[in-house]
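Only one structure is covered here, and it is reproduced in the block below.
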2 protein chains.
Amino acid sequence: MKPTEPRLPLTRERVLHAAIQVADEGGLAALTMRRLADVLGAEAMSLYYHVANKDEVFDGIVEVIATEINDLVDKIDLPAEGPAWKAAMRQRILTAREVFLRHPWLPKVFESRTGANFAVLRYNDGVIRILRAGGFTNDQCHHAMHALGSRAMGFVQELFTPGPGPVTPEALDGIRAMSDTLPHLAGMLLEVAHDEPDATVGWCDDQAEFEFGLDILLDGLDRLRP
Amino acid sequence: MKPTEPRLPLTRERVLHAAIQVADEGGLAALTMRRLADVLGAEAMSLYYHVANKDEVFDGIVEVIATEINDLVDKIDLPAEGPAWKAAMRQRILTAREVFLRHPWLPKVFESRTGANFAVLRYNDGVIRILRAGGFTNDQCHHAMHALGSRAMGFVQELFTPGPGPVTPEALDGIRAMSDTLPHLAGMLLEVAHDEPDATVGWCDDQAEFEFGLDILLDGLDRLRP
DNA sequence: ACCTGAACACCGTTCAAGT
DNA sequence: ACCTGAACACCGTTCAAGT
């Protein structure tokens with residue numbers, strides 16, 4: 001009989017990284033205290049020595065991710081003075097977005113947190129820094145932050161995407177069937193599907209749509225610049 | 001001993017309206033099958049005769065609310081041809097928003113639903129109708145829908161609002177304390193608080209900020225109109 | 001200091017049974 | 001047809017106890 005494995009001791013860090021891993025593999029619903037403990041080779045109750053409760057696990061995830069994003073955007077070395085603010089902001093936001101794309105469940109976690117998290121605040125401090133360098137007043141910065149919303153951190157919560165799958169003939173039939181009751185929606189979808197016949201791409205190019213919306217906002221804000 | 005009250009029989013409709021009421025009174029977390037049954041004077045298991053499961057309760061809520069919104073926006077009689085599209089869209093969106101303002105927990109429910117709901121599709125069919133009347137191509141409509149996102153239905157999920165409360169001296173002290181680590185954010189907030197000394201209003205005027213962001217998007221889209 | 005077992009108060013849901 | 005009671009498999013969390 002071999003001695004009991006001297007398992008790595010738990011730490012807050014290990015718990016949080018395991019939590020991200022569990023959600024990456026099984027989605028948010030899979031992230032339970034019991035499952036989390038399993039992955040760490042411990043009992044659920046042991047977690048409570050390192051985090052106060054599950055809410056603190058979520059807060060910790062936000063902290064870890066926001067810190068990762070800060071590390072990335074801190075490395076960006078782009079001028080932001082005057083008209084250059086837009087390119088700097090675009091780069092910052094699209095860099096943050098890369099992290100979110102790796103964790104599809106993250107937007108829900110970020111949106112569920114109300115409390116201020118330092119790493120998140122620091123990210124936004126950088127957003128405001130760029131706006132200020134561009135020449136915006138503090139009041140305009142405030143409006144701009146609201147207008148950008150979660151887009152400032154690189155994500156949007158898609159409300160109803162036709163699904164990530166390819167454009168199937170069955171889906172097209174379904175859309176044709178609603179031509180009577182939803183003529184404008186059906187007309188739009190049929191034409192979009194027709195123009196984009198590369199079925200493997202699917203209905204929407206999420207990245208292109210994100211940048212489209214982002215550019216409208218950045219251009220609109222730029223026009224308000226003193 | 002009086003006979004057992006011939007209690008109103010349960011219906012899908014009564015269940016859904018009770019669900020909205022429970023969430024209005026106690027928030028989303030209060031909406032459990034057991035609590036919902038309580039409000040209806042029934043047992044939790046009785047609900048399952050009228051809805052398949054809790055997910056269907058959420059879907060039903062979306063349907064009820066979207067139908068209410070459709071009834072309201074259908075009554076709007078505004079020209080939408082050419083440049084008039086913007087005013088018509090603005091009115092439609094702000095009308096939908098009024099319903100969301102009555103149910104602060106609704107955005108979370110809408111964002112959690114992935115399946116297509118007919119009433120929601122019908123609302124969006126109307127959005128596209130207005131865009132088409134304005135002269136946009138179907139491809140532009142598609143981009144516009146993505147750019148507007150949940151704003152098309154009248155809500156945004158605020159990421160980190162400083163809280164709905166008034167601007168307290170304690171909060172200002174807290175912000176001054178972060179002037180070293182978060183200089184741009186602190187600077188912005190201190191100036192915003194100073195410019196808006198009406199403490200009862202609180203930090204942000206949600207309606208004004210919503211309209212600010214909406215107008216940037218509508219103006220930006222209008223500029224793309226053929 | 002760190003971890004655990006047993007137990008509690010909740011969930012959503014199934015299923016056989018009542019009227 | 002409509003509703004219910006008992007029970008199941010899960011939650012997050014508390015608390016006293018182990019090492």
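Just so it is clear, the structure is predicted and the values come from calculations on it, not from any experiment. Numbers restart at 1 for each chain; the letters A, B, ... are given by sequence-line order, proteins then strands. All values below were derived from every heavy atom in this structure, side-chain atoms included, with hydrogens, water molecules and symmetry-related copies excluded.
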Could you please name the option among [options] that lies closest to any side-chain atom of [X]?
| X | options | answer |
| --- | --- | --- |
| A/Y49 | C/dT13, C/dA1, D/dG12 | C/dA1 |
| B/S46 | D/dC11, D/dC3, D/dG5 | D/dC3 |
| B/R34 | D/dG12, C/dT13, C/dT4 | C/dT13 |
| B/M45 | D/dT13, C/dA1, D/dA7 | D/dA7 |

Rounding to an integer number of Å, can you tell me how far [X] [atom1] sits from [N] [atom2]?
| X | N | atom1 | atom2 | result |
| --- | --- | --- | --- | --- |
| A/K54 | D/dT14 | NZ | C1' | 18 Å |
| A/L8 | C/dC2 | CG | P | 14 Å |
| A/Y48 | D/dG18 | OH | P | 22 Å |
| A/E56 | D/dT13 | CD | P | 10 Å |
| A/E43 | C/dA7 | CD | C1' | 15 Å |
| A/L40 | C/dC3 | CG | C1' | 13 Å |
| B/D38 | C/dC10 | CG | P | 12 Å |
| B/L10 | D/dA1 | CG | P | 16 Å |

Pair [X] + [Y], salt bridge at N-O below 4.0 Å:
| X | Y | value |
| --- | --- | --- |
| B/R92 | B/D74 | no |
| A/R113 | A/E63 | no |
| A/R151 | A/E211 | no |

Measuring to OP1 and OP2 of D/dA1, would you say a side-chain N or O of B/H50 lies under 4.0 angstrom away?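 For B/H50, the contact criterion (side-chain N or O under 4.0 Å from OP1 or OP2 of D/dA1) is not met.
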With both distances kept under 3.5 Å, what pairs with D/dC2, Watson-Crick or G-U wobble?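 Its partner is C/dG18 (Watson-Crick or G-U wobble, both distances under 3.5 Å).
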Which one is paired to D/dC8, where only Watson-Crick or G-U wobble pairs with both distances under 3.5 angstrom count?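 Partner of D/dC8: C/dG12.
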B/F212 vs A/H143 aromatic rings, parallel, tilted or perpendicular, using cut-offs 30° and 60°?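 Correct class here is tilted.
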Base, sugar-phosphate, or nothing for A/A42, non-hydrogen atoms under 4.0 angstrom?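 Touches sugar-phosphate only.
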By the definition side-chain contact (heavy atoms from CB on, under 4.5 Å), identify the one residue from B/T11, B/I61, B/V64, B/L40 that meets it with B/H17.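 That would be B/V64.
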